[in-house]
Amino acid sequence: MSIHLIVGLGNFLEQYLNTKHNVGFMVIDRLCKALSINLNNDKFNGRFVRIAVDNEDYIIAKPYTYMNLSGNFVQAIVHFYKINLEHIWVIADDADSNIGTMRIRTSGASGGQNGLKDIIQKLSSDNFNRIKIGIGRPHNKNKNLADYVLEPFVNEDKRKIDKVIDKAVEVLIDLMNGKSVTALMNNYNITVK
């Protein structure tokens, strides 16, 4: 039996809950709702639940370390449960992709996403799966990215991100139902119109 880790990145304080930087948390919340489960374990400076699906165990989690220290949580839970890198799935925002896009990757650089950067550093590897959800960049060139990612989605952007979050949940449910990473990449690298 293998243990898989599905972790969404974000900032846990209430003022950040609906912001662009928190799409990873939004996916985890919607996945938990779809599976009728709750994150009921507090450990490693995060919240998680462990469930069994067809002789495989899945840990579904949110770190409570702030985005820039996400690697502390991931490293701790990976070492404790002896999770192989290929069984790690990280859901994070991607400022280099437009709102409405979702890409599945099996490795690669952080793309400047500080949570991914910290996980790569703490695991000493970038060979883990990630679902990158596009949040775009500010249209106003005078607005810095750090402020932009802490703003909520509004109007058309909100509609698009809701659809992408639903698709990300489908990816994770398909993963739990035994679909291969290649099949997931072929079916779910999407752009919502």
Side-chain angles (χ1 to χ4, degrees), residues 2-12 16-41 46-64 67 70 73-74 77 83 86-95 97-106 108 111 113 115-116 119 128-136 149 152-193:
S2 300
I3 301 178
H4 303 257
L5 174 64
I6 298 169
V7 58
L9 303 188
N11 291 306
F12 63 95
Y16 300 121
L17 291 186
N18 296 306
T19 63
K20 295 176 180 75
H21 223 18
N22 267 37
V23 292
F25 276 15
M26 293 175 197
V27 170
I28 294 298
D29 290 343
R30 205 163 297 176
L31 176 63
C32 288
K33 186 173 181 184
L35 298 174
S36 300
I37 58 174
N38 293 307
L39 305 181
N40 55 10
N41 293 300
R47 291 191 66 114
F48 65 96
V49 63
R50 183 173 174 176
I51 62 171
V53 181
D54 293 335
N55 294 321
E56 298 285 308
D57 276 12
Y58 291 86
I59 295 172
I60 300 167
K62 297 197 290 194
Y64 282 3
M67 179 67 77
S70 298
F73 171 80
V74 172
I77 206 164
I83 300 169
E86 66 268 19
H87 292 150
I88 299 171
W89 284 79
V90 178
I91 306 108
D93 59 284
D94 179 13
S97 299
N98 292 330
I99 292 175
T101 60
M102 178 178 73
R103 301 285 177 259
I104 298 168
R105 297 287 179 259
T106 56
Q113 211 284 356
L116 283 175
I119 293 169
F128 56 86
N129 304 297
R130 73 265 335 244
I131 298 174
K132 299 173 78 171
I133 296 178
I135 61 166
V149 300
F153 294 100
V154 294
N155 303 328
E156 185 65 10
D157 290 346
K158 177 81 171 92
R159 182 192 68 79
K160 285 182 180 178
I161 209 68
D162 279 342
K163 284 189 169 183
V164 173
I165 289 168
D166 284 342
K167 286 294 181 187
V169 169
E170 286 180 34
V171 168
L172 296 168
I173 289 173
D174 278 358
L175 170 73
M176 289 186 242
N177 287 325
K179 288 271 173 71
S180 72
V181 176
T182 303
L184 295 174
M185 291 174 77
N186 289 338
N187 291 340
Y188 287 109
N189 283 331
I190 60 154
T191 301
V192 168
K193 300 292 184 197

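These values consider heavy atoms only, across backbone and side chains, with no hydrogens, waters or symmetry-generated copies. Note that the coordinates shown come from a computational prediction; the quantities given were computed from them, not determined experimentally. The chain is numbered in sequence order, starting from 1.
- Under the rule for a salt bridge (charged side-chain N to carboxylate O under 4.0 Å, His left out), the partners of K158 that lie at least two apart in sequence or sit in another chain are D162.
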N/O donor-acceptor pairs under 3.5 Å from side chains in residues 184-191, not counting sequence neighbours:
residue, atom, partner, partner atom, Å
N186, ND2, T182, O, 3.4
N187, ND2, A183, O, 3.3
Y188, OH, E170, OE1, 3.4
Y188, OH, D174, OD2, 2.8
N189, OD1, I104, N, 2.6
N189, ND2, M185, O, 3.2
T191, OG1, R103, NH2, 3.4

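- D93 and Q113 share a side-chain donor-acceptor pair at under 3.5 Å.
- With hydrogens and angles disregarded, no donor-acceptor distance shorter than 3.5 Å links the side chain of K132 to the backbone of M102.
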Under the side-chain contact (heavy atoms from CB on, under 4.5 Å) rule, what do I119 and R130 come out as? Steps first, then yes or no, please.
CA-CA 11 Å; I119 293 169; R130 73 265 335 244; over 6 Å; no

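- When every heavy atom of M26 is checked against every heavy atom of T19, the shortest pair comes out as CE-O, 3.3 Å.
- The line from CG of L172 to OH of Y58 is 10.0 Å long, rounded to the nearest 0.5 Å.
- To the nearest 0.5 Å, the span separating CG on L31 from CG on D166 amounts to 11.5 Å.
- Sequence neighbours left out, the pairs with a member in residues 46-56 that pass side chain to side chain donor-acceptor pair (under 3.5 Å) are H4-E56, D42-R47, R50-D57.
- To the nearest 0.5 Å, the span separating CD1 on I165 from CD1 on I28 amounts to 11.0 Å.
- Shown here for L9 and L116, the closest heavy-atom pair between the two residues is CD1-N, 3.9 Å.
- Shown here for V90 and I88, the closest heavy-atom pair between the two residues is CG2-CG2, 3.9 Å.
- For A61, the side chain to side chain contact (heavy atoms under 4.5 Å, CB included) partners two or more places apart in sequence, or in a different chain, are L5, V7, F48, I59, F73.
- For the residue pair G10 and N22, the shortest heavy atom distance occurs at CA-OD1, 3.3 Å.
- The heavy-atom pair separating V23 from I133 by the smallest distance is CG2-CB, 4.0 Å.
- Residues C32 and I60 come closest through the heavy atom pair SG-CG2, 4.3 Å.
- For the atom pair CD1 (I99) and NZ (K20), the distance works out to 6.0 Å, reported to the nearest 0.5 Å.
- V181 is not listed as a side-chain neighbour of E86, based on a closest heavy-atom distance of 4.5 Å or more.
- When the ring-ring contact (aromatic ring centres under 6.0 Å, His included) test is applied to F12, the partners found at least two apart in sequence or on another chain are Y64, Y66.
- Qualifying salt bridge (charged side-chain N to carboxylate O under 4.0 Å, His left out) partners for K62, counting only residues two or more places apart in sequence or in other chains: D29.
- Within the 3.5 Å criterion, the main-chain N or O of M67 finds a donor-acceptor partner in the side chain of N11.
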